[in-house]
K.L.:
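One structure, as structure tokens, below. Some questions next.
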Amino acid sequence: MPSHFLGFDSSTQGLKALVIDADAGAIVAAASVNFGGDLPQYASPEGVLANDDPTVKHANPLLWLEALDLVLRRLVEAGAPLGDVRGIGGSGQQHGSVYLNDDRAFGVFASLDPARSLAEQFAGVFSRPTSPIWMDSSTSVECRELAAAIGARLQADTGSPAIERFTGPQIRRFYKTDPEAYAATVRIHLVSSFLASVLIGGDAPVDRGDGAGMNLLNLRTGTWDAVIADATAPNLIAKLPRVGATGSLAGALSPYFQKYGLPALIPVALWTGDNPASLIGMGAHRPGKAVVSLGTSDTVFAAFDEFHTDPDGYGHVFGNPAGGNMSLACFKNGSLARDRVRAEAGVSWEFFDTTAFDETVPGNDGSLALPWFEHEITPSGRPVGLRANFDFAAAPPAVRIRAAVEGQVISRAVHSEWVGHFDTLRVTGGASRSRGILQTLADVFQARVETIAVTDSAALGAALIAAHDIGGHSFDALAERFCPTVEIVRPRPEHAATYQRLHDAVRLLENA
Ligand code: XUL
């Protein structure tokens with residue numbers, strides 16, 4: 001009997017779906033929907049609605065539903081063996097929230113009509129017509145209020161201090177700006193638990209992995225924190241779904257989805273956040289291995305067992321879908337900043353990998369730069385602009401580019417120190433093609449750097465979670481089958497001390 005599982009990832013800009021064969025370690029079908037390109041009627045080219053206030057970033061939840069129908073149609077058209085699927089998993093962009101209005105909403109979930117689209121049936125059930133997503137930064141006042149009300153316990157118990165994009169501050173803002181609509185809200189879901197609810201035609205629990213990104217879940221008790229919830233908005237706990245135990249199921253698939261040839265009543269795993277799912281999809285579910293994702297923004301995340309938090313308050317603790325915890329630090333100035341420095345120096349990445357590497361020395365004789373062209377979030381609250389501890393404009397391209405790459409990589413290491421030591425870094429994202437960047441990561445972190453062949457790590461992780469939670473496959477076996485190493489770059493111990501010394505220099509530059 002085939003061991004097929006379906007995984008979804010509903011991210012900021014699109015929805016991906018993969019069917020895997022867990023025994024064979026193979027992806028047997030894939031489809032995707034790009035929100036901007038495929039569903040232009042939602043006027044969200046990057047998955048976000050336009051707003052006069054640049055701090056407000058909302059999305060239309062009907063867009064996510066329309067994409068769900070479309071991606072399933074595309075899987076059918078691609079001949080995906082949906083009739084063999086034994087279980088489903090999913091992940092969603094973290095922190096975003098969906099507000100359901102009254103008992104009608106629950107009625108719609110329970111009686112989905114296969115003759116009509118999801119978007120058609122869910123229109124009118126949202127008490128807040130648009131969903132704030134993780135890019136929103138409009139809640140600094142609410143964050144200050146929560147911080148004042150709860151103090152240090154907020155981070156100590158939920159894993160993060162008050163963070164603008166986190167769900168609790170977003171809920172508080174909704175309550176303050178539209179108290180009537182807030183009062184008429186019966187349920188507030190995360191993107192992940194909302195889409196799981198649609199799949200089961202019911203009310204899916206929030207998983208610990210994604211729930212940790214809300215400033216509401218007490219990670220020590222594993223349940224909603226009543227005091228923090230009360231300080232966030234009145235009567236909030238009654239509006240939140242249950243918190244599901246890691247590895248438990250959301251429910252059975254709604255009959256609606258039989259129209260795509262999916263078997264009746266197959267289990268649906270709890271959906272999680274895209275980063276927790278990526279931890280699994282990158283084969284990094286065990287402590288000691290960190291993932292460095294070099295994209296538009298850079299993220300560093302890793303599994304760790306013992307619950308502890310970042311003393312600087314920039315890193316987060318989320319739940320690891322394999323059990324225990326994971327850390328995450330997000331750096332807004334990633335690839336775009338690196339590339340701007342490179343372009344302004346008038347050179348190619350190949351130049352960095354070869355000439356710049358030969359003409360300069362590791363540590364760059366202490367010359368460091370932090371290309372903060374956007375407001376950085378790790379650390380936050382600093383003015384934008386390029387920071388350097390030398391005359392940047394007058395320096396040769398090789399020095400400039402090494403200064404920026406090393407400044408970035410050392411700051412990734414500085415803000416991951418609280419997590420503990422990593423033996424291995426699994427690197428993904430466009431910049432992982434640069435041999436020079438990989439070597440710098442290996443030398444700065446003094447860890448073995450690996451690249452792997454996985455591209456859609458969140459969707460793959462979601463399918464692997466289903467294979468584990470539903471199919472009983474072990475995460476170790478799945479990681480071995482699906483995430484083999486492609487390339488290894490070893491750290492050079494002779495450069496350890498040089499880079500360690502520069503940690504303080506980077507902190508100084510960040511605070512200058
Ligand atoms: C993590 C975060 C982002 C979103 C992107 O805290 O805000 O990585 O999850 O989808």
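In each ligand, atom 1 is the first atom listed, and ligand 1 is the first ligand listed.
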K.L.:
Specify whether Y175 and Y182 have parallel, tilted or perpendicular ring planes, treating 30° as the upper limit for parallel and 60° as the lower limit for perpendicular.
P.N.:
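Correct class here is perpendicular.
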K.L.:
For ligand 1 and Q94, I'd like to know whether there is a polar contact (N/O to N/O, distance under 3.5 Å).
P.N.:
yes
K.L.:
Give the intermediate values and the outcome of side chain to side chain donor-acceptor pair (under 3.5 Å) for residues R208 and T272.
P.N.:
CA-CA 8 Å; R208 185 174 177 275; T272 190; over 6 Å; no
K.L.:
Can you report which non-hydrogen protein atom sits closest to atom 2 (C) of ligand 1, along with the distance?
P.N.:
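Result for atom 2 (C) of ligand 1: H95 NE2, 3.6 Å.
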K.L.:
Of the options E164, E142, E145, which is the one that meets R172 in a salt bridge (charged side-chain N to carboxylate O under 4.0 Å, His left out)?
P.N.:
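Answer to the salt bridge (charged side-chain N to carboxylate O under 4.0 Å, His left out) test with R172 among E164, E142, E145: E145.
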K.L.:
When the ring planes of H415 and Y314 are compared, do they come out parallel, tilted or perpendicular, using 30° and 60° as the limits?
P.N.:
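Perpendicular, since the angle between the ring planes exceeds 60°.
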K.L.:
Within the 4.0 Å heavy-atom shell around Q93, which atoms of ligand 1 are there?
P.N.:
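Near Q93, meaning under 4.0 Å from one of its heavy atoms, ligand 1 has 10 (O).
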K.L.:
Of the backbone atoms (N, CA, C, O) and the side-chain heavy atoms from C-beta on, which set of N275 has a member under 4.0 Å from an atom of ligand 1: side chain, backbone, both, or neither?
P.N.:
side chain
K.L.:
Where's the contact between R165 and ligand 1, heavy-atom distance under 4.0 Å: side chain, backbone, both or neither?
P.N.:
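R165 to ligand 1: side-chain contact only, backbone stays beyond 4.0 Å.
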K.L.:
In the protein, what heavy atom is nearest to atom 5 (C) of ligand 1, and what distance, to one decimal place, separates them?
P.N.:
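Protein heavy atom at minimum distance: D274 OD2, 3.3 Å.
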K.L.:
Given the rule in the ring-ring contact (aromatic ring centres under 6.0 Å, His included) test, do H316 and F301 qualify, once you have shown the distances and angles that lead to the verdict?
P.N.:
CA-CA 9 Å; H316 309 300; F301 50 92; over 10 Å; no
